[in-house]
Number of protein chains: 2
Amino acid sequence: MGTTQLETVPEPKYWHLKTVLAEALDSEFAVGEILPNERELAARFGVARATLRQALEQLELEGRLQRRRGVGTTVAPPRMGVSVSPLHTWPGAAGDDWEPADCAPGVPPAAVASLLGTEAEEPVHTVRRSRVSGGQPVAAELLYVPEDSVPDLSAIDAPAGPARARAVLRELQRLGLEGEDRAVELGSARAEDAKQLDRLPGAPVLVVTTRYFAFGRTAAVSVATYRADTCRLTFGDSGDVEIHHGQERQAS
Amino acid sequence: MGTTQLETVPEPKYWHLKTVLAEALDSEFAVGEILPNERELAARFGVARATLRQALEQLELEGRLQRRRGVGTTVAPPRMGVSVSPLHTWPGAAGDDWEPADCAPGVPPAAVASLLGTEAEEPVHTVRRSRVSGGQPVAAELLYVPEDSVPDLSAIDAPAGPARARAVLRELQRLGLEGEDRAVELGSARAEDAKQLDRLPGAPVLVVTTRYFAFGRTAAVSVATYRADTCRLTFGDSGDVEIHHGQERQAS
DNA sequence: TAGTGGTCTAGACCACCCT
DNA sequence: GGGTGGTCTAGACCACTAC
C-alpha cells in the first residue's frame, strides 16, 4: 500500500522511445539535419529495428520527421499553414494557388456521385489540379463538375489535358456561386495522389471535401488531399502563425 | 521490348491485401460484424500476421474498421459528421454539446503560450471538456484562458473541478467576442486524451486549434482532439450528409 | 481461463538514391 | 556499389475482455 507504483500501466517501449526522441529533436537537432540510420538508432537504444520504426512512424505522423527511402531520416520543419478558408469563389478564380493539370470525362466514386446527385454511372468532367506551397507539393485535388453545370463548354475547345481543365474552370466562373461547405477527414493517399504529393501510397492525408452550390443544388464537388505530415489546414486568418515544438535552429 | 509489363512497380502485399479486404467489407460484411481474428485472416491470405496487421491498420485509419484488444475487429459504421463551424460564440455557450469536466490552473505548452502571448511559465485557467456524439466520445478539449481574460472570476467560487470549469466558461460569455480562427492538423492522442476518447495512446486524432479574440488580442485558445477514425469534421452545414463506401447493411 | 489484439524480436530481402 | 528506408517473416510474450 505504501509502495510507490510509478508504472501501474507499463509504457510500451516504442512510446517511451518516441518521447525520448522527441526531446532529443527539440534540444539536439536542427531542422533539416539527418538522423543516424534506423539500424544504428535501434542498436543505440537496444531495441529491434521494428520497434524503433514504430516510434519514428509516429513522429513522422506528427510532422516532426521526414523519411525518404534511399536517403535517410531528417528533422522536419514546422508544419506550414495552408489556407482553406471559404473564399466564396469558384475553384480556378484568379489568385488561387492551384495549378490545373488535366481534365477528362470520368465516372466519379459513389460517394461523390451521391453528393452531386448524379446517376451512378454518369460521367462528369474530372479536373485534376495540384497545389504547391513553399516550393513543394502540398495537395492534389479532383474536381468533379457535372456536364450540365457547364453547358456552354464547347467540346471542341480542347479534347483533354490542362487546356480543357482551364476551359472548365473558366466556365464555372460564370455561374452564380450560392454557397459552399467543407468537411475534413483523415485518409490515406491513393497511388495517383501519392505520386503527385511525392509520397508513398498509403501516406496519411487530410481529405477536404468541398461542395459548391449553384442553381439551388450541388454544382461541383472538390476532393482535395493534403499531405498530413507537412500541412496544417487553416480556417480564418491564422495561416501565418508559427507553431513551435521547442527550440528550433536552422541546419547550416 | 514487346513484353507486357503489368507491374513495373510491384505492389506491396499489404497494399493489395488492403484492397481485397476493402472490397470484401463493401460486399460481404455488415456494419458491426466481427471479422475473423488476425491469426486466422493471416493464414487465410497466406501472409505473416504483421503483414496482415499493416493492412488492417490502414483500414482502421480510414475509418473502415474498429479494433479492440480482447474483443476483436469489427466493421465500422460510416464516419459521423461533427460540426466545428465557427459559431461566433464562446465555448460553453448555451447549446454546444461539450461537457465541462475539470478546471485547474496550469502552465500551457509552449505552442499555446505563444498563441496566447503569455509568458513562458505563466499559469492559465485550463478547462478540460469532452464532447459526446451519437453515444460515444468524439473529442477531448483543453481550453486555455489567461487569468486576465476573466478578471471577475472569484477564486472562492469553486477551487477546482467541473464547478470551476463552468464558472470560467460563464465568465467568458460576458466578454465581447471579436472573432476566432481555426487550424486543423493530424496528431496522435496523448495518454490523457486517449483515455477520454476510449482509445489507446498514440491513436490518430484531428487536432483543432481555435483562437478566440477579444480586447484586440487572443483571449483564449482551445485545443480539441477529435478521434480521426470515427469523425469527419464539417465546416458549414454538410454535417448530415451521408458518405457511402459501398453497399451498407446493418448487422442483425 | 480462453481468445483477442498489442508489442517485440532477429533476422531477411527489396526498391530506391547517391556517388 | 554501398547505404538508406520499406516490406516481410515466424515466431514469442503481454494486456485486456468476456465468460
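Because only heavy atoms are used, hydrogens play no part in the values below, and waters and symmetry mates are left out as well, while side chains stay in.
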Phosphate contact ([N] OP1 or OP2) by [X] side-chain N/O below 4.0 Å:
{"X": "B:R67", "N": "C:dT4", "answer": "no"}
{"X": "A:N37", "N": "D:dG3", "answer": "no"}
{"X": "B:T73", "N": "C:dG5", "answer": "yes"}

Roughly how many Å is it from [atom1] in [X] to [atom2] in [N], rounded to a whole number?
{"X": "A:Q66", "N": "C:dC17", "atom1": "CD", "atom2": "P", "value": "14 Å"}
{"X": "A:L200", "N": "D:dT7", "atom1": "CG", "atom2": "P", "value": "6 Å"}
{"X": "B:L59", "N": "C:dG5", "atom1": "CG", "atom2": "P", "value": "14 Å"}
{"X": "B:E11", "N": "C:dA15", "atom1": "CD", "atom2": "P", "value": "14 Å"}
{"X": "B:K195", "N": "D:dC16", "atom1": "NZ", "atom2": "C1'", "value": "15 Å"}
{"X": "B:L35", "N": "C:dG5", "atom1": "CG", "atom2": "P", "value": "9 Å"}
{"X": "A:Y14", "N": "C:dT9", "atom1": "OH", "atom2": "P", "value": "13 Å"}
{"X": "B:W15", "N": "C:dC14", "atom1": "CH2", "atom2": "C1'", "value": "18 Å"}

Who are the salt bridge (charged side-chain N to carboxylate O under 4.0 Å, His left out) partners of [X], not counting sequence neighbours?
{"X": "B:R69", "result": "none"}
{"X": "A:E23", "result": "none"}
{"X": "A:R166", "result": "A:E99"}
{"X": "B:D96", "result": "B:R129"}

Suppose we screen for side chain to side chain donor-acceptor pair (under 3.5 Å). Which residues come up paired with B:S222, at least two apart in sequence or across chains?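 Counting only residues at least two positions away or on another chain, B:S222 forms a side chain to side chain donor-acceptor pair (under 3.5 Å) with B:E141.
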What residues from residues 41-57 of chain B pass a heavy-atom cutoff of under 4.0 Å to DNA chain C?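 Going residue by residue through residues 41-57 of chain B, the ones with a heavy atom under 4.0 Å of DNA chain C turn out to be B:R49, B:R53.
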Answer yes or no: is there an ion pair linking A:R164 with A:D102, defined by an N-O contact shorter than 4.0 Å?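 No salt bridge links A:R164 with A:D102.
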Cationic N near anionic O, under 4.0 Å, B:R64 to B:D26: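 Salt bridge: yes.
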Stem segments of DNA chain C by first residue number [Watson-Crick or G-U, under 3.5 Å, at least 3]: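 If one scans DNA chain C for consecutive Watson-Crick or G-U pairs, the stems found are C:1-18 with D:1-18.
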The residue, B:K13 or A:G72, whose nearest nucleotide of DNA chain D is more 5′ is A:G72
Which donor-acceptor pairs under 3.5 Å do the side chains of residues 41-52 of chain B make with protein atoms, sequence neighbours left out?
{"unit_1": "B:R44", "atom_1": "NH2", "unit_2": "B:E40", "atom_2": "OE2", "d": "2.6"}
{"unit_1": "B:R49", "atom_1": "NE", "unit_2": "B:E38", "atom_2": "OE1", "d": "3.0"}
{"unit_1": "B:R49", "atom_1": "NH2", "unit_2": "B:E38", "atom_2": "OE1", "d": "3.1"}

Considering only nitrogen or oxygen atoms on both sides, find all protein atoms under 3.5 Å from nucleotides 17-19 of chain D and state each distance.
none

Please lay out, stage by stage, how A:R199 and A:E192 fare under the test salt bridge (charged side-chain N to carboxylate O under 4.0 Å, His left out). CA-CA 10 Å; A:R199 299 258 42 187; A:E192 228 163 325; over 6 Å; no
For [X], side-chain contact (heavy atoms from CB on, under 4.5 Å) partners two or more places apart:
{"X": "A:P137", "answer": "A:D198"}
{"X": "B:D97", "answer": "B:R131"}
{"X": "B:T225", "answer": "B:A140, B:D193, B:L197, B:V205, B:V207"}

Would the base of D:dG3 count as contacting A:R39 through its side chain, where contact means a donor and an acceptor less than 3.5 Å apart?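 Result: no qualifying N/O pair found.
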